[in-house]
Visitor: 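Structure incoming, see below.
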Amino acid sequence: MNKIKVLNICVAGLGNVGAALVSYITSKKEEIKKKSQLEINIVGVSAKNKSKKRNCDISSFPWFDNALDLLSVNNCDVLIELIGQEKDLSYELVKTALEKKLHVVTGNKAMLALYGGELFKIAEKNDVLLLYEAAVAGGIPIIKLIKNNLFLNKIKKISGILNGTTNYILSKMQEDNLSFDEVLKIAKSKGYTSDKESDLDIGGLDAAHKLTILSTLAFGSEIDFSLNETTGINNITIEDIKFANQLGYRIKLISETSLIDGKINAVTCPRLIPKFNPIANVNGPLNAVNIETDQLQNLFLEGEGAGGKATASSIISDLYEIASNTSISSLGFSSLNLKKYLKFEHHNIESNYYVRIMTKDLPGVLSKITSYFNESKISIEKILQIPDNKEIIPIIISTHRIKSKKLMNAITKIQSLSFVMQKISIIQINQDI
Ligand code: HSE
């Protein structure tokens, strides 16, 4: 019979995810042991406020007001960091834990995207693991899939929806015909995002943090957040969502990483996706990831990208990986073998574009606008002028493939015309995700 392996863990941070983790480990202790020969013991917990009401019972675990004191619990094997600060306490805690030769499990994508380069080296030097399945796409087991199952494939491209909040906002605007601000309020009331997090979510930075980790796993690139090109959903209006729908598309915040001419093309931006594409039908707070390799055309995963239970599921899988004592390192690659890549300038990619121009309804407007497209040799695919009894009307144009730099030349000129009444909306159209 296999010997029972004991893993003693300390948990720093008892928000949604920390509480779900503690509750799962406590209630499933015997099941876990029976199935995996693994006994997980919680030997210390820490959070800001001991008496806060939580969905877990922490009364039987040693409590520490200061998370750094968890590092002095002498039988601790794994420190679980769920505080989620970009640097400060989270970073200090993780760095010190690794230096003290404790394994670390974290869901902190911002910290890894910005300081992971250094932290993974420290983990390797001290012969411990720094695992992060929970940091990318919550409950979707994307990290282990790339690190284990696909490690010997050559990854061509990873693309998908990596932020649940923005996907919820865009889907809800579409479904209920609501404005961005109205839905943002609902997203906050449902706990998908908070005043503190919403800039990272809406600005696309949270997705870009996750994409940084995926670029490293996929291409063995040094962790480098500055390789990302990021545009959020702040400027997407309900009008854009409606017109996209009329043209046969949904608007989604898509993150994509690939190697082009030996450079990393890591982009997060809103895109129009044809309605028949599976990714266009990933709605609400769900995430999805599509992977293309030399062996697999499209490996598509969809699931909960956030939330206590889903994220706790990923943390438990990391504990199991640590207990399994595999020879696979934290990143799959030795951090000493990671390569420095340059950034591919995304404006050099040709794409179709959606353009919405709000103009006064006057004679000659359409011909003036199209003359600028013509002058810049931009080929128009479709053009819609929506009749309305209002003074300002939308002109919707979809272009054939064009580099954004060239499109922007024409747009800058059109924007300065006296009859153009609002900032022109431009969104990339994706045919090939
Ligand atoms: N704010 C994140 C999201 C949570 O909305 O996806 C999980 O990283």
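On a predicted model such as this, the values are computed, not experimentally measured, just so you know. When a ligand or atom number is given, it counts from 1 through the structure's own listing order. For this chain, numbers begin at 1 and follow the sequence in order.
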Visitor: Would you mind listing which atoms of ligand 1 come within a distance below 4.0 Å of any non-hydrogen atom of G305?
Guide: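 The atoms of ligand 1 under 4.0 Å from a heavy atom of G305 are 7 (C).
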Visitor: Please answer whether the main-chain N or O of A47 pairs with a side-chain N or O of K52 as donor and acceptor at a distance below 3.5 Å.
Guide: no
Visitor: Quick test: of every protein heavy atom, which one is nearest to atom 1 (N) of ligand 1, and how far off is it to 0.1 Å?
Guide: D201 OD1, 2.8 Å
Visitor: Starting from atom 8 (O) of ligand 1, which protein heavy atom do you reach first, and at what distance in Å?
Guide: K109 NZ, 2.6 Å
Visitor: Other residues, nucleotides and ligands only: do more than 12 of their heavy atoms fall within 6.0 Å of CG on N55?
Guide: no
Visitor: List every atom of ligand 1 that sits less than 4.0 Å from any heavy atom of K210, numbering the atoms from 1 in the order shown and giving each element.
Guide: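 What qualifies from ligand 1 is 2 (C), 6 (O), 7 (C), 8 (O).
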Visitor: Starting from atom 4 (C) of ligand 1, what is the nearest protein heavy atom, named by residue and atom, and what distance separates them?
Guide: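 Protein heavy atom with the smallest distance to atom 4 (C) of ligand 1: A306 CB, 3.8 Å.
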Visitor: Return the closest protein heavy atom for atom 5 (O) of ligand 1 as residue, atom name and distance.
Guide: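 Residue, atom and distance for the closest contact: T165 OG1, 2.6 Å.
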Visitor: We want to know whether T212 and N228 form a side-chain donor-acceptor pair, criterion being a heavy-atom distance below 3.5 angstrom.
Guide: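 N228 and T212 do have a side-chain donor-acceptor pair below 3.5 Å.
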Visitor: Out of curiosity, is G138 lining ligand 1, as in a heavy atom under 4.0 Å away?
Guide: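 No heavy atom of G138 comes that close to ligand 1.
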Visitor: If you measure from atom 3 (C) of ligand 1 to every heavy atom of N163, I169, V136, T193, which option wins on shortest distance?
Guide: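 Selected option, by shortest heavy-atom distance: N163.
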Visitor: Determine the sole option in K343, H346, H347 for which the side chain to side chain donor-acceptor pair (under 3.5 Å) test with E229 is passed.
Guide: K343
Visitor: So, K172 side chain and V183 main chain: donor-acceptor pair closer than 3.5 Å or not?
Guide: no
Visitor: What protein heavy atom lies closest to atom 6 (O) of ligand 1? Include the residue and the distance to one decimal.
Guide: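 Of the protein heavy atoms, G164 N, 2.7 Å lies nearest.
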Visitor: More than 12 heavy atoms of other residues, nucleotides or ligands under 6.0 Å from NZ of K403: is that the case?
Guide: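 It does not: K403 NZ has 12 such atoms or fewer within range.
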Visitor: For F333, I'd like to know if atom CZ has over 12 heavy atoms of other residues, nucleotides or ligands within 6.0 Å.
Guide: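 Count over threshold, so yes.
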